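Beneath this line is the structure, given in structure tokens, with notes to follow.
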Amino acid sequence: MLKKIELTDAVGTQLAHDVTEIRPGEFKGAAFHKGHTVCNEDLCRLQKMGKNHLYVIDLEDDEIHEDQAASILADALAGDGIVWKDEPREGKIKLLAEKDGLFAVNTASLAAFNMVDEVMCATLHNHTLVKKGELVAATRAIPLTMKRAPIERAAAIARQNGAVLAVKSIRKAKVGLVITGNEVSHGLIEDRFAPILTEKVKALGSQVAGVAF
């Protein structure tokens, strides 16, 4: 759970979350990051930021921090072709495509996952073409601290029928194009289909073996 303490009592404690500072037109971001140990030199700056109290974490045995929860969720969601770094930011982890291919989502499992309280996962649409390194999904635990039970339940749902997210390799193929139309075959107009379709085929890693009119 979170404990609220007076700023004057905060020296030597670790911050439970990032402390954001906003200076209009100059800066907006974390002045102090989660886990920072507060020292005497920090007190003046924190007071200028309007912080008279801080929060520290005191977890019970059945509780979990958002960052640890996010790692459990990402591990359960990621299948073949999905990579992620165990570097959560504010309880959120990004999942990336490990290779070029077709992004696949088990939509039923994803819906069941998102029905669990205090967790969420947002993704690209199922059957989206993606490139290596592209962001395909993100998952997070919503509260700063929560009970372990919902996290473990969501992870179990994600693993139940295989991983929820995957990137599938696209099979390389040889393609034949058949262009129809009297105007084209008689040479009355220039064909514009073959060049466009050829580029689409190449973008999928395949090749056009022949064109017939």
Side-chain angles (χ1 to χ4, degrees), residues 28-29 66-142 150-185 189-213:
K28 179 181 179 181
E66 61 176 355
D67 286 349
Q68 185 182 358
S71 297
I72 293 172
L73 299 175
D75 184 61
L77 289 163
D80 181 56
I82 302 290
V83 294
W84 58 280
K85 291 184 179 180
D86 195 2
E87 299 174 356
R89 293 292 303 274
E90 298 180 342
K92 179 180 177 181
I93 287 182
K94 298 177 180 179
L95 297 106
L96 312 175
E98 187 179 27
K99 57 189 176 182
D100 295 355
L102 189 68
F103 179 54
V105 183
N106 184 326
T107 54
S109 293
L110 179 62
F113 177 94
N114 279 326
M115 288 297 290
V116 178
D117 290 339
E118 303 183 342
V119 308
M120 63 82 64
C121 176
T123 77
L124 297 180
H125 287 295
N126 190 23
H127 299 154
T128 298
L129 287 171
V130 296
K131 295 292 185 181
K132 181 179 179 180
E134 184 174 346
L135 175 65
V136 297
T139 186
R140 71 171 302 156
I142 298 171
I151 301 303
E152 292 172 353
R153 183 165 66 254
I157 290 171
R159 293 190 177 100
Q160 191 169 11
N161 297 310
V164 176
L165 311 175
V167 174
K168 300 180 179 180
S169 298
I170 297 177
R171 179 178 60 85
K172 294 183 178 180
K174 291 183 178 180
V175 178
L177 303 181
V178 179
I179 311 299
T180 64
N182 288 337
E183 299 90 342
V184 175
S185 63
I189 62 172
E190 180 185 358
D191 170 57
R192 297 185 183 275
F193 284 105
I196 293 174
L197 291 174
T198 297
E199 287 304 311
K200 289 180 179 290
V201 169
K202 287 181 178 179
L204 296 174
S206 296
Q207 67 181 75
V208 173
V211 180
F213 296 96

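Keep in mind that what you see is a predicted model, and the values were worked out from it rather than measured.
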4.5 Å side-chain heavy-atom contact, V178 and F213
no

Side chain to side chain, L177 and F193, heavy atoms closer than 4.5 Å:
no

Minimal heavy-atom distance between R159 and A76, with the atoms involved, is CZ-CB, 3.7 Å

Show the nearest heavy-atom pair for residues A163 and G79, with the distance to one decimal.
CB-CA, 3.3 Å

Out of curiosity, T139 OG1 to K94 NZ, how far, rounded to the nearest 0.5 Å?
13.5 Å

Test side chain to side chain contact (heavy atoms under 4.5 Å, CB included), reference L96, set V130, V83, V167, output is V83

Closest approach of A141 and I151, non-hydrogen atoms and distance?
CB-CD1, 4.4 Å

Could you grab the distance from atom CG of L95 to atom CG of L73, nearest 0.5 Å is fine?
10.0 Å

Quick one: closest heavy-atom pair of S71 and W84, and the distance?
O-CH2, 3.6 Å

Do K202 and Q207 make a side-chain contact, defined as non-hydrogen atoms from C-beta onward lying under 4.5 Å apart?
no

Rounded at 0.5 Å granularity, tell me how far OG1 in T128 sits from CZ in F103.
7.5 Å

With no hydrogens and no angle check, do the side chains of S206 and K174 hold a donor and an acceptor under 3.5 Å apart?
no

R192 versus I179: any side-chain heavy-atom pair under 4.5 Å?
no

For R171 and L204, what are the C-alpha separation, side-chain angles and deciding distance, and is it a side-chain contact (heavy atoms from CB on, under 4.5 Å)?
CA-CA 9 Å; R171 179 178 60 85; L204 296 174; over 6 Å; no

Side-chain donor or acceptor of D191 paired with backbone N/O of A194 under 3.5 Å
yes

For the student: nearest non-hydrogen atoms of L124 and L135, plus distance:
CD1-O, 3.7 Å

Check whether D80 reaches the backbone of A166 with its side chain - one donor and one acceptor, N or O, closer than 3.5 Å.
no

Please enumerate all residues that pass side-chain contact (heavy atoms from CB on, under 4.5 Å) together with I196, with sequence neighbours excluded.
K200

Enumerate donor-acceptor pairs with a distance under 3.5 Å from any side-chain N or O in residues 105-121 to protein atoms, sequence neighbours excluded.
unit_1, atom_1, unit_2, atom_2, d
N106, OD1, A108, N, 3.4
N106, OD1, S109, N, 3.1
N106, OD1, S109, OG, 3.3
N106, ND2, S109, OG, 3.3
N114, OD1, C121, N, 2.7
N114, ND2, C121, O, 3.0

Around atom NZ of K99, are there more than 12 heavy atoms from other residues, nucleotides or ligands closer than 6.0 Å?
yes

All heavy atoms of A137 vs all of T123, minimum pair found to be CB-CG2, 3.8 Å

Would you mind reporting whether R140 and I93 have side-chain heavy atoms less than 4.5 Å apart?
no

Is there side-chain contact between D100 and L129, with heavy atoms separated by less than 4.5 Å?
no

Report the C-alpha separation of L102 and H127 in whole Å, then their side-chain angles, then the decisive distance to 0.1 Å, and conclude whether the side-chain contact (heavy atoms from CB on, under 4.5 Å) test is met.
CA-CA 6 Å; L102 189 68; H127 299 154; 4.2 Å; yes

